[in-house]
Amino acid sequence: MNTTRTTTVTCPNCGRGNRIPVAAEGRPKCGHCKHPLPWIVDAGDDDFAEVVDNATTPVVVDLWATWCGPCRMVSPALEQVARDLAGRIKLVKVDVDKNPRLSRRFEVQAVPTLLVLDQGETVARQAGAAPAHVLREWVEQAMAGRQSAAGER
């Protein structure tokens, strides 16, 4: 499947709106100032492989539900992490109630469940909400651990 869906992201540097694809290689940059953009998209059972598994950048996956209070609390924190780490990660949000195959694949027992995936492989997992600075540290540690493991090969 070739996903041509796009999302609009406001550049945190210059304030311009940018339309970026939900699935693409590389890292999105502002068309005006060339600053890295936060890449925040939704995915589901039908397009997860294209949006996440084939991504060339590490992906933070937020497995959440609309009825979940902690999910609503962690969402702005994750979006802040995506802005802070623009150009280094992609944030993908998955509604577990609408995407049962992904819920089974990742054995979701509680929401929110957060994952860091690198080339489709889970490198970190955590359940529950946390503030943005804690989530950022968790993501950076997962990425650093993955990079050092890749260097050992």
Side-chain angles (χ1 to χ4, degrees), residues 5-44 47-48 50-99 102-103 105-150:
R5 277 189 316 124
T6 61
T7 187
T8 301
V9 176
T10 301
C11 178
N13 188 50
C14 72
R16 293 267 178 105
N18 290 264
R19 202 170 57 189
I20 58 174
V22 297
E25 290 186 11
R27 295 169 165 89
K29 292 184 179 175
C30 178
H32 179 70
C33 73
K34 308 304 181 211
H35 192 269
L37 293 172
W39 203 355
I40 304 169
V41 300
D42 295 311
D47 63 355
F48 190 85
E50 185 177 8
V51 173
V52 176
D53 292 339
N54 298 335
T56 56
T57 192
V59 179
V60 176
V61 179
D62 175 18
L63 297 149
W64 66 284
T66 56
W67 49 263
C68 168
C71 296
R72 288 192 300 274
M73 289 181 356
V74 81
S75 185
L78 287 169
E79 291 173 9
Q80 180 62 50
V81 172
R83 285 189 297 276
D84 291 348
L85 300 178
R88 295 178 51 204
I89 67 164
K90 181 178 191 178
L91 173 62
V92 177
K93 302 170 82 46
V94 176
D95 182 339
V96 295
D97 291 333
K98 293 180 181 176
N99 300 286
L102 290 170
S103 297
R105 171 181 168 181
F106 293 111
E107 300 174 352
V108 175
Q109 301 286 325
V111 287
T113 294
L114 309 175
L115 309 168
V116 178
L117 279 71
D118 187 13
Q119 297 177 340
E121 181 182 333
T122 303
V123 296
R125 179 184 182 109
Q126 122 175 357
H133 71 278
V134 173
L135 292 171
R136 180 179 174 163
E137 185 176 311
W138 173 71
V139 170
E140 288 178 326
Q141 286 178 346
M143 291 179 355
R146 186 62 176 175
Q147 290 168 350
S148 65

Exercise for review: Take Val116 and Trp138 through the side chain to side chain contact (heavy atoms under 4.5 Å, CB included) test and state the conclusion after the steps.
Suggested key: CA-CA 9 Å; Val116 178; Trp138 173 71; 3.6 Å; yes
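- The backbone N or O of Arg72 lies less than 3.5 Å from no partner atom in the side chain of Ser75, so there is not a single donor-acceptor pair.
- Pairing each heavy atom of Gly44 with each of Asn99, the nearest pair is CA-OD1, 3.0 Å.
- Under the 3.5 Å distance criterion, with hydrogens and angles disregarded, no donor-acceptor pair is assigned to the side chains of Thr66 and Lys98.
- Nearest heavy-atom pair, Arg125 versus Glu107, reported as atom, atom and distance to 0.1 Å: NH2-O, 3.1 Å.
- Looking at heavy atoms from C-beta onward, Val61 lies in side-chain contact with Leu117 at the 4.5 angstrom threshold.
- Within the model, atoms CG of Asp97 and CG of Leu63 stand 11.5 Å from one another, a figure rounded to the nearest 0.5 Å.
- Looking at heavy atoms from C-beta onward, Val74 lies out of side-chain contact with Trp64 at the 4.5 angstrom threshold.
- Counting heavy atoms from C-beta outward, Val60 and Val81 have side chains that stay 4.5 Å or more apart.
- Contact check for Pro36 versus Arg88: no side-chain heavy atoms found under the 4.5 Å cut-off.
- The two atoms that bring Ala130 and Ala77 nearest to each other are O-CB, 3.8 Å, heavy atoms only.
- Residues Asp42 and Val92 share a closest heavy-atom pair of C-CG1, 4.4 Å.
- Taking OG1 of Thr113 as the start and CZ of Phe106 as the end, the distance is 10.5 Å to the nearest 0.5 Å.
- Counting all heavy atoms, side chain and backbone alike, Gly26 lies closest to Trp39 at O-CZ3, 3.3 Å.
- Between Asn13 and His32, every side-chain heavy-atom pair lies at or beyond the 4.5 Å cut-off.
- Between Phe48 and Val94 there is a side-chain heavy-atom pair separated by less than 4.5 Å.
- Nearest heavy-atom pair, Ala86 versus Pro38, reported as atom, atom and distance to 0.1 Å: CB-N, 3.6 Å.
- Checked against Leu85 for a side chain to side chain contact (heavy atoms under 4.5 Å, CB included), the options Glu140, Gln80, Lys90 give a single hit: Glu140.
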